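These values consider heavy atoms only, across backbone and side chains, with no hydrogens, waters or symmetry-generated copies. Quantities reported herein were computed from a predicted structural model and do not represent experimental measurements.
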Amino acid sequence: MSAATTLSRIGFIGAGRVAQTLASAFSRANYRVVAVSSRNEANLAGFRARCPGDVAVGSPQEVVDQSSIVFLTVSDDAISSVCASLRWHPGIAVVHCSGATEIAALQSAQDAGASIGAFHPMQMFTNPDVALAGLPGCTVGIEAHRELLDDLLDLARAINCIPLSLPPGVRPLYHASAYYVGPFLIALLKEGAKLWQRFGATERQAMDAMVPLLQGTVAAVMDGGLARGMGGCVARGDIGTIQKHLDALENCDASAACLYRELAIRNIPLALERGSLSPDLARKIEELLQR
C-alpha cells in the first residue's frame with residue numbers, strides 16, 4: 001500500500017484534543033480528513049472548527065468504512081476494546097496515538113488483514129491551539145510494520161515534526177521518559193510556587209519568575225548539553241548554600257526538603273561530568289544530602 005493510498009482518506013475515532021490537533025495539522029499539510037466519530041458534541045464542534053472541509057460525522061464503523069487510515073484517538077485503556085469492536089479489512093491502516101500502549105493492542109485489526117501502527121507526538125495536548133503551535137520540531141514516536149512505517153514517517157515530516165522509529169517493546173519506557181519534562185516538570189514548578197507562597201507571593205508571580213528561568217535553562221542545555229548547561233550550588237560545589245537551602249526547607253516543609261535532597265543528589269554526577277566539582281567535594285555534598 002503506497003503512501004498516496006494509505007494517507008488518501010484519514011479518519012478519526014475520538015474527537016478530543018489530540019484528534020483536533022492532528023486533524024488540523026494534517027489538513028494544513030494538504031491531507032484529506034474525511035470522517036470523525038465521537039459521542040462528545042463539544043469535541044465534535046471543536047474538531048469541525050479546526051478541520052475545515054467536508055468531514056463526515058458518523059459511527060466508528062462508518063469512519064472505518066470511509067477511510068484508508070483510521071487514527072484511534074481514544075483513551076489508552078479503550079484502544080483494544082474499541083479496535084476489537086470494529087470490522088477491519090485488508091488495505092486499511094489503523095493507528096493509535098498512545099505513548100505507552102504497544103501496537104499489539106490493535107491485534108484484532110491485524111488479524112483481519114489491516115496494517116497497524118502507533119503515532120505519538122511528544123507534546124502536551126491541554127489546548128489544541130497551543131499544541132498545534134508547538135508541533136513543529138517536536139518528536140513523534142512511531143511504530144509500525146515496514147510499509148506503514150514509511151508512510152507514518154512521511155506524515156510526521158509533512159507536519160514539520162521529527163519522526164522517531166521505535167523498536168518493539170520499548171513504548172512504556174519511552175513514554176515514561178517524557179513525563180520527566182512534562183507532568184513531572186509541572187509538579188516541580190508547583191513545588192517552587194508553593195515555596196513562594198510561604199513568603200506571600202502568588203502562584204502567578206512565581207510563574208512569572210520561574211518560567212523565564214526555565215526557558216534560560218533549556219537554552220543553556222541546548223547550547224552546551226546536559227552537564228555543561230547545568231548551573232547552581234551543586235555544580236559550583238557551594239556547600240554553604242546547600243546547607244542554607246536544607247535548613248530553610250526543613251523549617252517550613254519536610255517533604256519539600258526530601259524532594260530537594262533527592263534531586264540535588266542527581267545533580268552530583270552532572271557536576272562531576274561538567275568538571276566543576278571535585279570528587280572529594282562531591283562526596284562531602286552527597287554526605288550532607290543523605291544526612
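- Atom CZ of R28 is surrounded by 12 or fewer heavy atoms from other residues, nucleotides or ligands within 6.0 Å.
- Contact annotation: the side chain of P167 approaches that of V170 to within less than 4.5 Å [non-hydrogen atoms, C-beta and beyond].
- Taking CZ of F26 as the start and CD1 of I69 as the end, the distance is 7.5 Å to the nearest 0.5 Å.
- A donor-acceptor pair is defined here as one N or O able to donate and one able to accept, closer than 3.5 Å; no such pair exists between the side chain of R157 and the backbone of P163.
- The backbone N or O of E102 lies less than 3.5 Å from no partner atom in the side chain of E143, so there is not a single donor-acceptor pair.
- Ion pairing of E273 with R228 is absent here, as no side-chain N (NZ or NE/NH1/NH2) approaches a carboxylate O to less than 4.0 Å.
- At distances below 3.5 Å, not a single donor-acceptor pair connects side-chain atoms of H96 with backbone N or O atoms of G117.
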Checking side-chain contact (heavy atoms from CB on, under 4.5 Å) for the pair F71/V18: CA distance, chi angles, key distance, verdict?
-> CA-CA 10 Å; F71 284 82; V18 174; over 6 Å; no
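- Of the inter-residue distances, the one linking M207 atom CE with L214 atom CG reads 9.5 Å to the nearest 0.5 angstrom.
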Could you walk me through whether H245 and I242 pass the side-chain contact (heavy atoms from CB on, under 4.5 Å) check?
-> CA-CA 5 Å; H245 289 174; I242 297 171; 5.5 Å; no
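- The closest side-chain heavy-atom distance from T139 to C161 is not below 4.5 Å.
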When you look at D280 and S278, which way does the side chain to side chain donor-acceptor pair (under 3.5 Å) test go after all the steps?
-> CA-CA 5 Å; D280 181 60; S278 68; 5.3 Å; no
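- A side-chain donor-acceptor contact under 3.5 Å links S276 to the backbone of A235.
- At a threshold of 4.5 Å between non-hydrogen side-chain atoms, the residues P121 and L22 count as touching.
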After noting the C-alpha distance and the side-chain angles of N160 and L135, does the key distance pass the side-chain contact (heavy atoms from CB on, under 4.5 Å) rule?
-> CA-CA 7 Å; N160 298 312; L135 271 185; over 6 Å; no
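- Taking both residues in full, the closest heavy atoms of V55 and C51 are given as CG2-O, 3.8 Å, listed atom of the first, atom of the second, then distance.
- L164 and F125 sit in two unconnected hydrophobic clusters of ILVMFWY residues. Membership requires side-chain heavy atoms under 4.5 Å apart, directly or through other members.
- In this structure, S27 contributes its side chain and S24 its backbone to no donor-acceptor pair below 3.5 Å.
- Side-chain atoms of Q123 and V140, non-hydrogen and from C-beta on, never get closer than 4.5 Å to each other.
- More than 12 heavy atoms of other shown residues, nucleotides or ligands fall within 6.0 angstrom of atom CZ in F199.
- Taken together through direct or relayed side-chain contacts under 4.5 Å among Ile, Leu, Val, Met, Phe, Trp and Tyr, M122 and I142 form parts of separate hydrophobic clusters.
- Counting only heavy atoms from C-beta outward, the side chains of M230 and L226 never approach each other to under 4.5 Å.
- Residues I268 and L289 form a side-chain contact, since some pair of their non-hydrogen atoms from C-beta on lies under 4.5 Å apart.
- The pair E286-R291 fails the salt-bridge criterion, with no side-chain N (NZ, NE, NH1 or NH2) lying under 4.0 Å from an Asp/Glu carboxylate O.
- Between the side chains of S75 and D77, no donor-acceptor pair is found at a separation under 3.5 Å.
- Both I265 and I239 are assigned to one and the same hydrophobic cluster, defined by single-linkage of ILVMFWY side chains at heavy-atom distances under 4.5 Å.
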Check step by step if side-chain contact (heavy atoms from CB on, under 4.5 Å) holds for V34 and V63.
-> CA-CA 8 Å; V34 298; V63 172; over 6 Å; no
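- A donor-acceptor pair is defined here as one N or O able to donate and one able to accept, closer than 3.5 Å; such a pair exists between the side chain of S68 and the backbone of R9.
- Cluster annotation: L166 is not connected to I116 through the hydrophobic network of ILVMFWY side chains, with a link wherever side-chain heavy atoms come within less than 4.5 Å.
- In this structure, M210 CE and L195 CG are separated by 7.0 Å, a value rounded to the nearest 0.5 Å.
- Side-chain atoms of V95 and V70, non-hydrogen and from C-beta on, never get closer than 4.5 Å to each other.
- For the atom pair CG of L72 and CG of L86, the computed distance is 7.5 Å after rounding to the nearest 0.5 Å.
- Using modelled atom types and a 3.5 Å distance limit, the side chains of S38 and N43 yield no donor-acceptor pair.
- Interatomic distance, CD of Q66 versus OG of S37, reported as 10.5 Å (0.5 Å rounding).
- The minimum heavy-atom distance between R87 and V64, with the atom names listed, is O-CG1, 3.4 Å.
- To the nearest 0.5 angstrom, Y180 atom OH is 11.0 Å from L188 atom CG.
- A salt bridge links K194 and E191; the closest N-O separation between the charged side-chain nitrogens and carboxylate oxygens is under 4.0 Å.
- For the pair R32 (side chain) and S8 (backbone), a donor-acceptor distance under 3.5 Å is absent.
- Using a 4.0 Å cut-off between a side-chain N of Lys or Arg and a carboxylate O of Asp or Glu, D247 and K244 do not qualify as a salt bridge.
- Smallest separation of non-hydrogen atoms from V33 and A23: CG2-O, 4.0 Å.
- A donor-acceptor contact shorter than 3.5 Å links the side chain of E62 to the backbone of S59.
- Between I159 and A29, the closest heavy-atom pair is CG2-CB, 4.2 Å.
- Contact between A19 and F47 at its shortest, heavy atoms only, is O-CE1, 3.8 Å.
- When only modelled atom types and interatomic distance are considered, R204 and T202 share no side-chain donor-acceptor pair under 3.5 Å.
- Using a 4.5 Å heavy-atom cutoff, the side chains of L44 and R39 are not in contact.
- Minimum heavy-atom separation, I186 to M124: CD1-CE, 3.7 Å.
- For Y174 and H120, the distance between ring centers is under 6.0 angstrom.
- The closest donor-acceptor contact from the side chain of R17 to the backbone of P128 lies at 3.5 Å or more, if one exists at all.
- Transitive grouping of hydrophobic side chains (ILVMFWY, heavy atoms separated by less than 4.5 Å) brings L288 and I285 into a common cluster.
- R266 has a carboxylate O that lies under 4.0 Å from a charged side-chain N of E262, or vice versa, which qualifies the two as a salt bridge.
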